[in-house]
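Okay, so here's the structure we're looking at.
Here is the naming used below: chain letters follow the sequence lines, and residue numbers restart at 1 for every chain.
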Amino acid sequence: MRIFDPHIHMTSRTTDDYERMAAAGVRALVEPAFWLGQPRTSVGSFTDYFDALVGWEPFRASQFGIRHHATIALNPKEANDPRCAGVLDVLPRYLEKDRVVAVGEIGYDSMTAEEETAFAAQLQLAIAHELPALVHTPHRDKARGTQRSIKVVAESGIEPGRVVIDHLNEVTVATVKDSGCWAGFSIYPDTKMSPPRMVEILKEFGTERVLVNSAADWGRSDPLLTRATVDLMLASGFTDDDVDLVFWRNPVEFYGQSGKLELDDDDAPEKLFEGNSILRGGS
Amino acid sequence: MKPDELRAALPPAAVGWVDEAVTQIEVDPGAIARLFPRAARACGRAPLGDAPGWTADEAARALLLKALPGDVVAGEADRLYRFGDADEKRAVLRALPLLRIGEAGVPLLHDAIRTNDTRLVGAALGPYAAHLDAATWRQAVLKCVFMGLPLSIVDRLDERGDEELRVMLAGLAEERAAAGRPMAADATGLLNRLSGTALRKEA
């Protein structure tokens, strides 16, 4: 059992979560840059956050034998704040980092002109830095937001196989499948998608080009819902190989398009000095 | 470890990439901003047999920094650290003793010691830590004990260890004993050596 969570916001989680995830089989993950709940008011606030995504958080993850990667972007919601527009100028520096494997989360929140400008500009950054792109779909007016996202992706010229459209449901999955983009699903305790609904979608649409994540963050969420979905897949007649495709080989194939995925043995806690650990508590 | 020893310790493919990158930096020092983050992808991250304690990416990055002209090296090292991921930050810290920058790199050590990342704290206590004042250095040594870092990473430990560090270690040993928690053997060893030195001085 090996699980790669392709979308989870570990900044918002505790070491208990890392410990339970590792025990449940999570061996690698991608943490997309996103909104922190409290709106940010300056570019510096973003760069400190991005620095944590390529510095402190991979270190925390390594304590539990979990390989941490990130995606970096100006998220749709904060793209509407003119005080944050300068974030676009600092992105190229971060997109060159070893563990940054995509541009994201980009896309729409309220489908404003400002969001669309940032969305299109960041798809161009993905092309320029030879990275895949992670596209968030809006919670409100989702079906039309998804269609419009696919249109912006097509207009950008990025290859659809290098784009995942995330947070899909029964209503939006078919459009995304038809577009050639990857289909992403966020399993939540009571909103976006649940394990039983996910299993039904996998039965109908198959296991190819699908990314299933927990998207666990600071809201009500559960980092073990990847594992819960695995268990339900197996109980519903899917094979071990189906599970390995959805929860390991698919994310490896998608993010591997960055050329920067590092899953070999030299990534784990051995880089640390022997015997030390943040488990002991710092000073 | 001298720069030419680091270069010689790199695998041949990495030497080729580093030489090419050094040439680019000598022509255009600003090119280091793009080349520095790419060094690990180009040279790998393997430990170097002929440069104990160094990895290929750290050695390559040190050689890139070493190629910078004297008037920009301090400023570039600062920027590369500020905007670096954890591996890049560590590489800048490792390279500091090789650069002719006087005390200009001291703020980077302060930043690294403030973190809770053992790789950065450890890298801040190499030979360049000679520039740290005694109070900061003692706090950093004690932080290593707290974080479980082996004290063998601290440059000139016994030479710099003093009565004040002994008092601090003895205080920690007392707290640990009261809590029924062990203190690392190397910290106890240091405490014993410092106590022995103090006794000899008294006698």
Q. Should the pair A:Phe4 and A:Trp248 be assigned to parallel (<30°), tilted (30 to 60°) or perpendicular (>60°) ring geometry?
A. perpendicular

Q.
Check for me whether the distance between the ring centres of A:His9 and A:Phe34 falls short of 6.0 Å.
A. yes

Q. Mind checking what makes side-chain contact (heavy atoms from CB on, under 4.5 Å) contact with A:Arg249, not counting sequence neighbours?
A. A:Arg2, A:Asp241, A:Asp244, A:Leu245

Q: With sequence neighbours left out, write down each residue that passes side-chain contact (heavy atoms from CB on, under 4.5 Å) with B:Glu5, or none if nothing qualifies.
A: B:Met1, B:Lys2

Q.
Strictly less than 4.5 Å between heavy atoms, which residues of residues 37-44 of chain B line up against chain A? Please order them by number.
A. B:Pro37, B:Arg38, B:Ala40, B:Arg41

Q. side-chain contact (heavy atoms from CB on, under 4.5 Å) with A:His7: which of A:Leu134, A:Val30, A:Thr71?
A. A:Leu134

Q | Greatest number of heavy atom pairs closer than 4.5 Å to chain B - which of A:Thr47, A:Asp98, A:Val54 | A | A:Asp98

(Q) Heavy-atom pairs under 4.5 Å with chain B - which of A:Leu53, A:Asp51, A:Val90 has more of them than the others? (A) A:Asp51

(Q) Assess, by modelled atom type and distance only, whether the side chains of A:Thr14 and A:Asp16 contain a donor and an acceptor separated by less than 3.5 Å. (A) no

Q | Set of side-chain contact (heavy atoms from CB on, under 4.5 Å) partners for B:Asn192, sequence neighbours left out | A | B:Thr188

